[in-house]
Amino acid sequence: MPNKDSSCPCGSGRPLATCCGPVLAGTAPAKTAEALMRSRYAAHVLGDIDYLRESLWPPLQKRFDAVGTRLFAEQTQWTGLAILESEGGGENDRRGIVLFEARYLDGGALRCHRERGLFRRKADRWYYVEATES
């Protein structure tokens, strides 16, 4: 696990301590849908399965597969995140779409998960809702 001075896994180029670290620790909220997406990617890299559940839209949390998600995160070597496009999702928005690509190694082959994710804000907190297309 990276230390607080390590680069954030989300690819921002900033230290984990000033990027996704406070969001993952619950000491600062993700201010935008993109920030939440970046923190969710970092959570996959770092194996923070509790954060992945907590940042999921509340009605969907009870169906979250923590065991399967943990297994996938542990067996995956994440290699990078690219944010391709954002629609809405700002500090004053209630809804946002983030198109991203998450790259990883699977059995020695480089794979890319491309998704247009839907995010919603409730009570000043952003949540991941679902993939609208991949």
Side-chain angles (χ1 to χ4, degrees):
M1 180 170 217
N3 66 44
K4 66 179 178 132
D5 297 323
S6 299
S7 282
C8 189
C10 81
S12 68
R14 295 173 32 212
L16 178 61
T18 60
C19 190
C20 293
V23 177
L24 294 170
T27 59
K31 293 182 179 181
T32 64
E34 181 179 324
L36 184 71
M37 177 59 242
R38 289 183 174 282
S39 70
R40 285 180 57 83
Y41 176 83
H44 273 95
V45 172
L46 300 172
D48 191 342
I49 307 309
D50 290 338
Y51 178 78
L52 291 171
R53 181 183 56 252
E54 292 163 7
S55 61
L56 186 62
W57 187 241
L60 303 174
Q61 291 178 8
K62 61 185 165 223
R63 293 183 298 182
F64 179 75
D65 179 5
V67 173
T69 302
R70 182 175 308 284
L71 185 62
F72 180 67
E74 289 173 353
Q75 293 178 346
T76 303
Q77 183 179 347
W78 299 96
T79 62
L81 173 69
I83 303 295
L84 305 175
E85 182 179 297
S86 291
E87 301 169 24
E91 292 185 43
N92 297 315
D93 294 321
R94 300 208 36 85
R95 181 180 184 276
I97 302 282
V98 179
L99 176 63
F100 67 92
E101 290 181 345
R103 294 175 303 282
Y104 60 98
L105 289 173
D106 179 23
L110 184 60
R111 306 271 187 220
C112 180
H113 172 79
R114 182 182 175 111
E115 178 181 313
R116 185 176 302 276
L118 172 63
F119 296 80
R120 289 183 60 189
R121 191 165 63 99
K122 178 180 180 182
D124 294 325
R125 184 171 171 195
W126 282 102
Y127 294 92
Y128 171 76
V129 180
E130 64 184 351
T132 60
E133 65 182 63
S134 23

Under a 3.5 Å distance rule, please check whether Gln61 uses its side chain to pair with a backbone N or O of Glu54 as donor and acceptor.
yes
Do the ring planes of Tyr128 and Phe119 sit parallel (below 30°), tilted (30 to 60°) or perpendicular (above 60°)?
perpendicular
Enter the distance from Leu105:CG to Thr76:OG1 here, rounded to the nearest 0.5 Å.
9.5 Å
N/O donor-acceptor pair under 3.5 Å between Tyr51 side chain and Ala25 backbone
no
Just do the side-chain contact (heavy atoms from CB on, under 4.5 Å) check on Glu130 and Leu60 with the steps written out, would you?
CA-CA 10 Å; Glu130 64 184 351; Leu60 303 174; 5.5 Å; no
Short side-chain to backbone donor-acceptor contact, Arg121 and Gly89, under 3.5 Å:
no
Of all the heavy-atom pairs spanning Leu24 and Ser39, show the shortest one and how long it is.
CD2-O, 3.5 Å
Exercise: identify the closest heavy-atom pair between Gly47 and Arg70
O-NH1, 3.8 Å
Under the side-chain contact (heavy atoms from CB on, under 4.5 Å) rule, what do Asp93 and Trp126 come out as? Steps first, then yes or no, please.
CA-CA 10 Å; Asp93 294 321; Trp126 282 102; 4.3 Å; yes
Closest heavy-atom pair, Tyr41 versus Pro9, reported as atoms and distance to 0.1 Å, is CE2-O, 3.1 Å
Between Glu85 and Arg116, is there a side-chain N and carboxylate O pair less than 4.0 Å apart?
yes
Between CD1 on residue Ile97 and CD on residue Glu115, distance to nearest 0.5 Å:
10.0 Å
Are more than 12 heavy atoms from other residues, nucleotides or ligands located less than 6.0 Å from atom CG of Asn92?
no
The reported gap from CD1 in Ile83 to CE in Met37 (rounded to nearest 0.5 angstrom) is 6.0 Å
To the nearest 0.5 Å, atom CZ of Arg103 lies from atom CH2 of Trp78 at 11.5 Å
Which of parallel (below 30°), tilted (30 to 60°) and perpendicular (above 60°) describes Tyr127 and Trp57?
perpendicular
Minimum-distance pair of heavy atoms, taken over all atoms of Ala73 and Ile49
CB-CD1, 4.1 Å
hydrophobic_cluster_shared for Leu99 and Tyr104, side chain cutoff 4.5 Å
no
When rounded to the nearest 0.5 angstrom, what distance separates CG in Leu52 from NE2 in His44?
4.5 Å
Residues 26-36 vs side chain to side chain donor-acceptor pair (under 3.5 Å), sequence neighbours excluded, gives Glu34-Arg38, Glu34-Ser86
Nearest heavy-atom neighbours spanning Pro59 and Lys62
O-CE, 3.8 Å
Is there a path of hydrophobic side-chain contacts, each under 4.5 Å between heavy atoms, that joins Leu81 and Phe72?
yes
Where do Leu36 and Ser55 come nearest, in terms of heavy atoms and distance?
CD1-CB, 3.9 Å
Nearest-0.5 Å distance that lies between atom CZ in Arg120 and atom NZ in Lys122:
8.5 Å
